[in-house]
Enquirer: 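The structure under discussion is supplied below as structure tokens; questions concerning it will follow.
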Amino acid sequence: MDTHAALYRQGQARLDMLRQLNSRDGQSLTSKMKQHDISRRDFIKWSASVTAMLALPLPFSTLVAQAAELADRVPLIWLHMAECTGCSESLIRTDTPNLDSLIFDHISLEYHETLMAASGWQAEENLEHAMEAYKGQYLLAVEGAVPTANNGAYLTIGCKGHTGLEIIKHAAEGAAAIISVGTCAAFGGVQAASPNPTGAKGVHEVVDKTVINLGGCPPSEKNIVGTLMYFIMFGKLPALDMFNRPKWAYGARVHDNCERRGRFDAGEFVEEFGDQGAKDGYCLYKLGCKGPYTYNNCPTERFNHHTSWPVLAGHGCMGCSEPNFWDDMADFEKPLGRQLLHGFDATADTVGAVILGATAVGIGAHAVTSIFAKPLED
């Protein structure tokens, strides 16, 4: 309780400081909500849900609401490296819009190649001005892996022909915090898959600062906005796991919160796509689901305004929020045990009943597979 009280006071002090700064947008979030027929009641409900997602007590919802209203005081620079723009699509692909996307419409977004109207020399000038004018204050978000081979020559951006590697290093120097949005920026993604001829790397491998990694291909809009809200509220990074992912979003396995988990425990598995088990919502482990090896909040937060996620739609988790997933988790429609541990899949029909007891005492997925694995000698 004392820790929460101290954190709340820290958040209040941070928001009081932001109130002293000028709004750069000229239009309040409240007015923009009215334009889109979003009521104050909806806003309060959203604040409460974000508070719960961040694993904070309900009284912090007041701070979340205030942080959203003050978002236009925090300059944000969003850079695109080697990527497909899917992470930006995750953020803005909504038809209402919901508050998650509206926050990014309201925020002081100084540079974003996909969303801004400027191009060419004007775009370059906007980026350089933002990095200089708000040095030490701006939040840097990066989407996409950073090619490093041949001094970064495999990615050049803008009319001045700077490499992505040059731009990232320069932008990182003046950033108050850095967020890698998506698995490509966090861990290299498909660009870093073997044989990786461009030398693509995650942002944290090319800069000398701590980087928050939002794994996922793409991550949900909630994880992006939640991380932003945390930084606005407290001016610091949230608690991170061993891969620098926020624990509030990546602290539990996909498997642990999956709606098909009961089917797994009962040993009820889909044998092939379209069979009766698939129609009845059986577990997708035999068809390659990597949920037992993947940490993310996809089952609880979902995508597209909390509508669905891959397992609910009928395909197994691909493990896309994990480092090196493109190499380590393939083949995506075959169980991981088939490559790593002989014999595990042969026990799939009975594994549920055994693992039910194993997970109750906290044994991880890899430890459980070792129980069933035969010696690796042929």
Side-chain angles (χ1 to χ4, degrees), residues 71 73-83 85 87-88 91 104 107-116 123-189 191-192 196 198-216 218-219 223-224 227-232 234-246 323:
R73 269 73 164 180
V74 178
L76 171 66
I77 295 174
W78 186 299
L79 298 178
H80 290 261
M81 296 289 111
E83 42 75 35
T85 316
C87 298
S88 289
L91 179 65
F104 268 77
I107 200 172
S108 178
L109 189 56
E110 303 294 330
Y111 184 88
H112 190 299
E113 292 164 12
T114 305
L115 302 180
M116 67 186 183
E124 292 276 352
E125 183 180 353
N126 289 351
L127 177 58
E128 292 168 2
H129 174 266
M131 289 192 293
E132 184 61 33
Y134 308 120
K135 189 172 184 178
Q137 303 174 39
Y138 61 82
L139 180 63
L140 176 64
V142 184
E143 182 176 354
V146 186
T148 62
N150 292 346
N151 295 317
Y154 290 101
L155 176 65
T156 57
I157 301 172
C159 52
K160 295 183 179 180
H162 291 150
T163 67
L165 184 61
E166 290 175 315
I167 295 171
I168 284 292
K169 289 186 174 181
H170 185 199
E173 289 177 1
I178 307 171
I179 301 175
S180 287
V181 183
T183 293
C184 294
F187 308 118
Q191 289 80 270
N196 192 10
T198 67
K201 295 181 179 180
V203 175
H204 71 279
E205 297 182 83
V206 300
V207 302
D208 295 326
K209 290 186 173 181
T210 299
V211 179
I212 306 173
N213 290 325
L214 300 183
N223 289 355
I224 301 171
T227 302
L228 174 67
M229 288 296 102
Y230 194 98
F231 177 76
I232 293 174
F234 304 115
K236 66 176 186 178
L237 309 182
L240 305 174
D241 70 6
M242 63 185 294
F243 297 119
N244 275 23
R245 300 174 299 194

Enquirer: Could you give me the CA-CA distance, side-chain angles and deciding distance for His80 and His112, then say whether side chain to side chain contact (heavy atoms under 4.5 Å, CB included) is met?
Expert: CA-CA 8 Å; His80 290 261; His112 190 299; 3.2 Å; yes
Enquirer: Between atom CD1 of Ile107 and atom CG of Leu76, what is the distance when rounded to the nearest 0.5 Å?
Expert: 5.0 Å
Enquirer: Distance from Glu132 atom CD to His129 atom NE2, nearest 0.5 Å?
Expert: 9.0 Å
Enquirer: For Pro147 and Leu155, work out which heavy atoms get closest and say how close.
Expert: CG-CB, 3.7 Å
Enquirer: How long is the span from the CZ atom in Arg245 to the OG1 atom in Thr227, to the nearest 0.5 Å?
Expert: 12.5 Å
Enquirer: Measure across His170 and Tyr138 and return the closest heavy-atom pair with its distance rounded to 0.1 Å.
Expert: O-OH, 4.3 Å
Enquirer: Quick check for you: to the nearest 0.5 Å, what is the distance between Glu113 atom CD and Leu127 atom CG?
Expert: 8.0 Å
Enquirer: Ignoring hydrogens, what is the shortest heavy-atom contact between Tyr230 and Lys236? Give both atom names and the distance.
Expert: CD2-O, 3.5 Å
Enquirer: Hey, is the main chain of Ala130 close enough, under 3.5 Å, to the side chain of Glu110 for a donor-acceptor pair?
Expert: no
Enquirer: Tell me whether Glu143 contacts the main-chain N or O of Ser88 through its side chain, where contact means a donor paired with an acceptor under 3.5 Å.
Expert: yes
Enquirer: Quick one, Pro246 and Ile212 - any side-chain contact, counting heavy atoms below 4.5 Å?
Expert: yes
Enquirer: Do any side-chain atoms of residues 156-168 form donor-acceptor pairs under 3.5 angstrom with protein atoms, and if so which ones, sequence neighbours left out?
Expert:
from, atom 1, to, atom 2, distance (Å)
Lys160, NZ, Glu128, OE1, 3.4
Lys160, NZ, Glu128, OE2, 2.7
Thr163, OG1, Glu166, N, 3.1
Thr163, OG1, Glu166, OE1, 3.4
Glu166, OE1, Thr163, N, 2.9

Enquirer: Locate the shortest heavy-atom distance separating Asn213 from Phe243; write the atom from each residue and the value.
Expert: ND2-O, 2.9 Å
Enquirer: To check you understand the geometry: which heavy-atom pair defines the closest contact between Gly144 and Glu83, and what is its length?
Expert: CA-CB, 3.4 Å
Enquirer: How long is the straight-line distance from OH of Tyr111 back to CD of Glu125, given to the nearest 0.5 Å?
Expert: 12.5 Å
Enquirer: Has the side chain of Thr148 got a donor or acceptor atom that lies under 3.5 Å from a matching backbone atom of Gly199?
Expert: yes
Enquirer: Less than 4.5 Å apart, any side-chain heavy atom of Leu228 and any of Phe104?
Expert: yes
Enquirer: With a 4.5 Å heavy-atom cut-off, do Glu205 and Phe187 have their side chains touching?
Expert: no
Enquirer: Nearest heavy-atom pair of Ser180 and Val211: which atoms, and what distance?
Expert: OG-CG1, 3.2 Å
Enquirer: Do Leu91 and Val181 have side-chain heavy atoms sitting under 4.5 Å apart?
Expert: no
Enquirer: Would the number of heavy atoms belonging to other residues, nucleotides or ligands and lying under 6.0 Å from CG of Asp241 be above 12?
Expert: yes
Enquirer: Short question: side chain of Lys209, backbone of Ala177 - any donor-acceptor pair under 3.5 Å?
Expert: no
Enquirer: Are the side chains of Ile77 and Tyr134 in contact, using a 4.5 Å heavy-atom criterion?
Expert: no
Enquirer: Do side-chain atoms of Tyr154 reach the backbone of Ala200 as a donor and acceptor pair under 3.5 angstrom?
Expert: no
Enquirer: Does some side-chain heavy atom of Asn244 sit less than 4.5 Å from a side-chain heavy atom of His204?
Expert: no
Enquirer: Distance check, rounded to the nearest 0.5 Å: Ile179 atom CD1 versus Ile224 atom CD1?
Expert: 9.0 Å
Enquirer: If we only count heavy atoms from C-beta on, is the Val146 to Val207 side-chain gap below 4.5 Å?
Expert: no
